[in-house]
Amino acid sequence: MLRLFDTATGEVAPLDLRTPGRVSLYVCGPTVYDAPHLGHGRFALVFDVLRRYLLFGGLDVTYVSNITDIDDKIIERAAEQGVGESELAARYEDAWWEAVDALEVLRPDETPHATGYVIRMVDLVADLVARGVAYETTDGVYLSVGDVPGYGLLARQPLESLRAGARVETMGEKHSPLDFVLWKKAKPGEPTWDSPWGPGRPGWHTECVVMSLDLLGEGFELHGGGLDLAFPHHENERAQAVAAGRTFATHWMHNGWVTVDGEKMSKSLGNFTSLDDLLGRSDPRAYRLLVLRSHYRSPIEVTPDTVAQAEAGLGRLDELARRFALADPLADGPVVGPVGGGDLDGPALDAFVDRMDDDLDTPGALAAVFDLARRANAAADAGDGVEAARSARSAALLAGGLGLRLRGGGGAEVDPHSADLVRRRDAARAARDWARADGLRSELESAGWLVEDGADGTRIRPR
RNA sequence: GGCGGCGUGGCCGAGUGGUUUAGGCAGGGGCCUGCAAAGCCCCGUACGGCGGUUCGAUUCCGCCCGCCGCCUCCA
């Protein structure tokens, strides 16, 4: 039984299901006004791992993640670049999918776009106004936060405490500084939709509450996103649902930051590395491994050094796949449970599940994978082929459960010149001409290959 | 000011009131190898500081120091 830390209660609790065997997740996706950075990649990976683990456990998972394609930032950026908002959004949405595809993050089952749900957003806002919890001002419609029971749940602070910290200067016509905008009345030149309050566009918090409820229904199991979304974004989504008398998500999950020199990576601080940069200079799987190596709620530091460490660890797992010619467990999509059987290492699987069930302890789960790798090699060295194969197969399957694909054979194309060097080296070794064999190894190494001698002769792979 | 998190061996990063260790990377020694590589075995006696509780604390409590986050757009 999976237990997860719930931001709303501050405790680790079992993930209760509306319907046995089925689980629905809504994860706030990106606002597509710029290229995604490492932080976006982390949230995509964290929730991909959660999703894969639920599938691994045999659950029927519905995963929804939106694209925010209308927003202040998009309007601003489009104006700067002299392009239309929809054109800009489409460009960065493409960049988004390209990056997460490279990370082997599974595509959501549904990807609602905010612009496709405006009519329903207007309906919600009108309902909130009719219920007397929202009010109109000269620039928009606002939710009266003081009228929502339990406001402050996700901030983990009571309303009064939040009010004390709020910035009063941005209050305008709002009744309380914490009241937030549901509908923004149009300013000249902005894209607009019709509403009872005149042309305008929805507020960000209204977008996600409408899309999640529409696609997943009331009482869906889990709503997630980066920790910075807990307050005010998720708080405000929840407030609208509560104010409208609807049951919202029953569990809240937030991932920690990617940090740079200990500070949160963000667009506003300007200390970000784009996903493209990282993926261009390292194995995309290394970032997944890096994310898995620490707990999802902890901050992670991504540096050339930690990336290199992850790549080295990956090399070890790939070597395992190569040695045992393991089949790719992700060849036909994600690993779907129930998983088990006599040809797998039961205790190791149990250890893996035990770690994952405990609030997604991926570092612990990974330890189980590496442990299997070591045991597979040790058993093979000792001549126990059966045990070795079982451990190796189990390691690959569990790695696959985490979305980590191991690369064994196949690999890089060997150019004719290098292939010739390999042939000549085998001949030299057969003739016990070590000086010549060593010279040929040097040549191969300077051509970028890693050279290994096995029972079947010289083997090379890219360094 | 309010609320919250963190500080673990060379690096990354889990975890736990004590008798046996996370795991990975790097390093040292050994086995294997023509030499390597890969793999396996062994090794380093770590838990910010000061007190307290306890037979015993890295793990619980208090204080202190340092770092970070949220309270405003943000994954």
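Each chain gets a letter, A, B and so on, in the order its sequence line appears, and its residues count up from 1. Note: hydrogens, waters and symmetry copies are ignored here, and every other heavy atom, side chains too, is used. Worth saying up front: this structure is predicted, and the values here are computed from it rather than measured.
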Legend entry - Nearest-Å distance for atom pair CG/C1', residues Leu444(A) and A36(B): 13 Å
Legend entry - Separation of C71(B) C1' from Arg163(A) CZ (nearest whole Å): 14 Å
Inset, instruction - Verify the contact: side-chain N or O of Arg316(A) to OP1 or OP2 of G24(B), cut-off strictly under 4.0 Å; return yes or no. - result: yes
Inset, instruction - Nearest whole angstrom, please: distance from the P of C73(B) to the NE2 of His37(A). - result: 16 Å
Legend entry - Presence of donor-acceptor pair under 3.5 Å, side chain of Asp361(A) and base of G15(B): no
Inset, instruction - Mind telling me whether Tyr135(A) and Tyr142(A) have parallel, tilted or perpendicular rings, with 30° and 60° as the class edges? - result: parallel
Legend entry - Non-neighbouring partners of Arg316(A) that pass salt bridge (charged side-chain N to carboxylate O under 4.0 Å, His left out), sequence neighbours left out: none
Inset, instruction - Could I get the full list of ring pair (Phe, Tyr, Trp, His ring centres under 6.0 Å) partners for Trp257(A), not counting sequence neighbours? - result: none
Legend entry - Interatomic distance at P, C25(B) relative to C41(B), whole Å: 12 Å
Legend entry - A38(B) versus G56(B) - spacing of their C1' atoms, nearest Å: 45 Å
Inset, instruction - Answer with base, sugar-phosphate or nothing: what part of the nucleic acid does Gly225(A) contact at a heavy-atom distance below 4.0 Å? - result: sugar-phosphate
Inset, instruction - Heavy atoms under 4.0 Å is the rule here; annotate nucleotides 4-12 of chain B 5' to 3' with B where the base is hit, S where only the sugar-phosphate is, and - elsewhere. - result: -------BS
Legend entry - Non-neighbouring partners of Arg285(A) that pass salt bridge (charged side-chain N to carboxylate O under 4.0 Å, His left out), sequence neighbours left out: Asp283(A), Asp318(A)
Legend entry - Check: A37(B) base within 3.5 Å donor-acceptor of Arg459(A) side chain: no
Legend entry - Length of the CG-P vector between Leu178(A) and C70(B), whole Å: 17 Å
Legend entry - Given A14(B), C73(B), C70(B), the nucleotide with the shortest approach to the side chain of Ser298(A): A14(B)
Inset, instruction - If a protein heavy atom is under 4.0 Å from the base, mark B; if only from the sugar-phosphate, S; if neither, -; do that for nucleotides 41-49 of chain B going 5' to 3'. - result: S--------
Legend entry - Integer-rounded Å distance: A75(B) P and His234(A) NE2: 11 Å
Inset, instruction - Using only side-chain N and O atoms of Asn377(A), determine if any of them is under 4.0 Å from OP1 or OP2 of C40(B). - result: yes
Inset, instruction - Quickly work out the Glu235(A) CD to C71(B) C1' distance and round it to whole Å. - result: 11 Å
Inset, instruction - Please check if the side chain of His251(A) supplies one atom and the backbone of Ala249(A) the other of a donor-acceptor pair under 3.5 Å. - result: no
Legend entry - Glu76(A) side, atom CD; Glu190(A) side, atom CD - distance, nearest 0.5 Å: 10.5 Å
Legend entry - Gap in Å between the two C1' atoms, one belonging to C55(B) and one to C11(B), rounded: 37 Å
Inset, instruction - Validate the cation-pi geometry between Lys267(A) and Tyr33(A): distance from NZ or CZ to the six-membered ring centre under 6.0 Å, angle to the ring axis within 45°. - result: yes
Legend entry - Residue met sooner reading RNA chain B from 5', once His205(A) and Ala310(A) are mapped to nucleotides: Ala310(A)
Inset, instruction - Could you tell me whether His295(A) contacts a base, only the sugar-phosphate backbone, or nothing, with contacts defined as non-hydrogen atoms closer than 4.0 Å? - result: sugar-phosphate
Inset, instruction - Using heavy atoms to find the nearest nucleotide of RNA chain B for Phe231(A) and Lys267(A) separately, return the residue whose nucleotide is more 5′. - result: Phe231(A)
Legend entry - Short side-chain donor-acceptor distance under 3.5 Å, Glu311(A) and Ser282(A): no
Legend entry - Nearest-Å distance for atom pair CZ/P, residues Arg323(A) and A37(B): 16 Å
Inset, instruction - Establish, with yes or no, whether the OP1 or OP2 oxygen of C70(B) is under 4.0 angstrom from a side-chain nitrogen or oxygen of Lys264(A). - result: yes
Inset, instruction - Considering only atom C1', compute the distance from G10(B) to C43(B) and round it to an integer number of Å. - result: 15 Å
Inset, instruction - Taking atom P in both G1(B) and U20(B), compute the distance separating them and give it to the nearest angstrom. - result: 48 Å
Inset, instruction - Look at all strands and tell whether Glu319(A) reaches a base, only sugar-phosphate, or nothing, counting heavy atoms closer than 4.0 Å. - result: sugar-phosphate
Legend entry - Pairwise distance OG(Ser24(A)) to CG(Asp109(A)) - rounded to 0.5 angstrom: 9.0 Å
Legend entry - Sugar-phosphate only, base, or nothing, as touched by Asp72(A) at under 4.0 Å among non-hydrogen atoms: nothing
Legend entry - Aromatic plane relationship, His223(A) with Tyr26(A) - under 30° parallel, 30 to 60° tilted, over 60° perpendicular: tilted
Inset, instruction - Go through residues 366-373 of chain A and report each residue with a non-hydrogen atom lying under 4.0 Å from RNA chain B, sorted by number. - result: Ala367(A), Phe370(A)
Inset, instruction - May I have the distance from Ile300(A) (atom CD1) to G69(B) (atom C1'), rounded to whole angstrom? - result: 16 Å
Inset, instruction - Look at all strands and tell whether Gly256(A) reaches a base, only sugar-phosphate, or nothing, counting heavy atoms closer than 4.0 Å. - result: base
Legend entry - Sugar-phosphate only, base, or nothing, as touched by Thr259(A) at under 4.0 Å among non-hydrogen atoms: nothing
Inset, instruction - Only counting residues at least two apart or in another chain, list the ones meeting side-chain contact (heavy atoms from CB on, under 4.5 Å) with Arg423(A). - result: Ala419(A), Asp420(A)
Inset, instruction - Kindly write out the residues that satisfy salt bridge (charged side-chain N to carboxylate O under 4.0 Å, His left out) with Asp357(A), not counting sequence neighbours, or none if the list is empty. - result: none
Inset, instruction - Give Asp453(A) one of three labels, base, sugar-phosphate or nothing, depending on what nucleic acid heavy atoms sit under 4.0 Å from its own. - result: base
Inset, instruction - On the 0 to 90° scale, with breaks at 30° and 60°, tag the Trp252(A)-His254(A) ring pair as parallel, tilted or perpendicular. - result: parallel
Legend entry - Base-paired stems that RNA chain B participates in, counting runs of 3 or more Watson-Crick or G-U pairs under 3.5 Å: B:1-7 with B:65-71, B:10-12 with B:23-25, B:27-31 with B:39-43, B:48-52 with B:60-64
Legend entry - Set of salt bridge (charged side-chain N to carboxylate O under 4.0 Å, His left out) partners for Asp359(A), sequence neighbours left out: Arg297(A)
Legend entry - Qualifying salt bridge (charged side-chain N to carboxylate O under 4.0 Å, His left out) pairs, either residue in residues 371-386 of chain A, two or more places apart: Arg323(A)-Asp381(A), Asp345(A)-Arg375(A), Asp371(A)-Arg374(A), Asp371(A)-Arg375(A)
Inset, instruction - Using the P atoms only, state how far G15(B) lies from G23(B), rounded to an integer number of Å. - result: 15 Å
Inset, instruction - For Leu450(A), answer base if it contacts any base atom (sugar-phosphate contacts may also be present), sugar-phosphate if it contacts only those atoms, and nothing otherwise; contact means non-hydrogen atoms under 4.0 Å. - result: nothing
Inset, instruction - In whole angstrom, give me the gap between the C1' atoms of G28(B) and G44(B). - result: 9 Å
Inset, instruction - With rounding to the nearest 0.5 Å, note down the distance linking OG1 in Thr458(A) to CG in Asp426(A). - result: 4.0 Å
Inset, instruction - Using a heavy-atom cut-off of under 4.0 Å over every strand shown, decide if Arg441(A) touches base, sugar-phosphate, or nothing. - result: base
Inset, instruction - For Ser161(A), check side-chain contact (heavy atoms from CB on, under 4.5 Å) against everything at least two apart and list the hits. - result: Gln157(A), Pro158(A)
Inset, instruction - Can you tell me, in whole Å, how much space there is between the P of U72(B) and that of C65(B)? - result: 27 Å
Inset, instruction - Report which part of the nucleic acid Arg425(A) touches: base, sugar-phosphate, or nothing (heavy-atom distance under 4.0 Å, all strands). - result: base
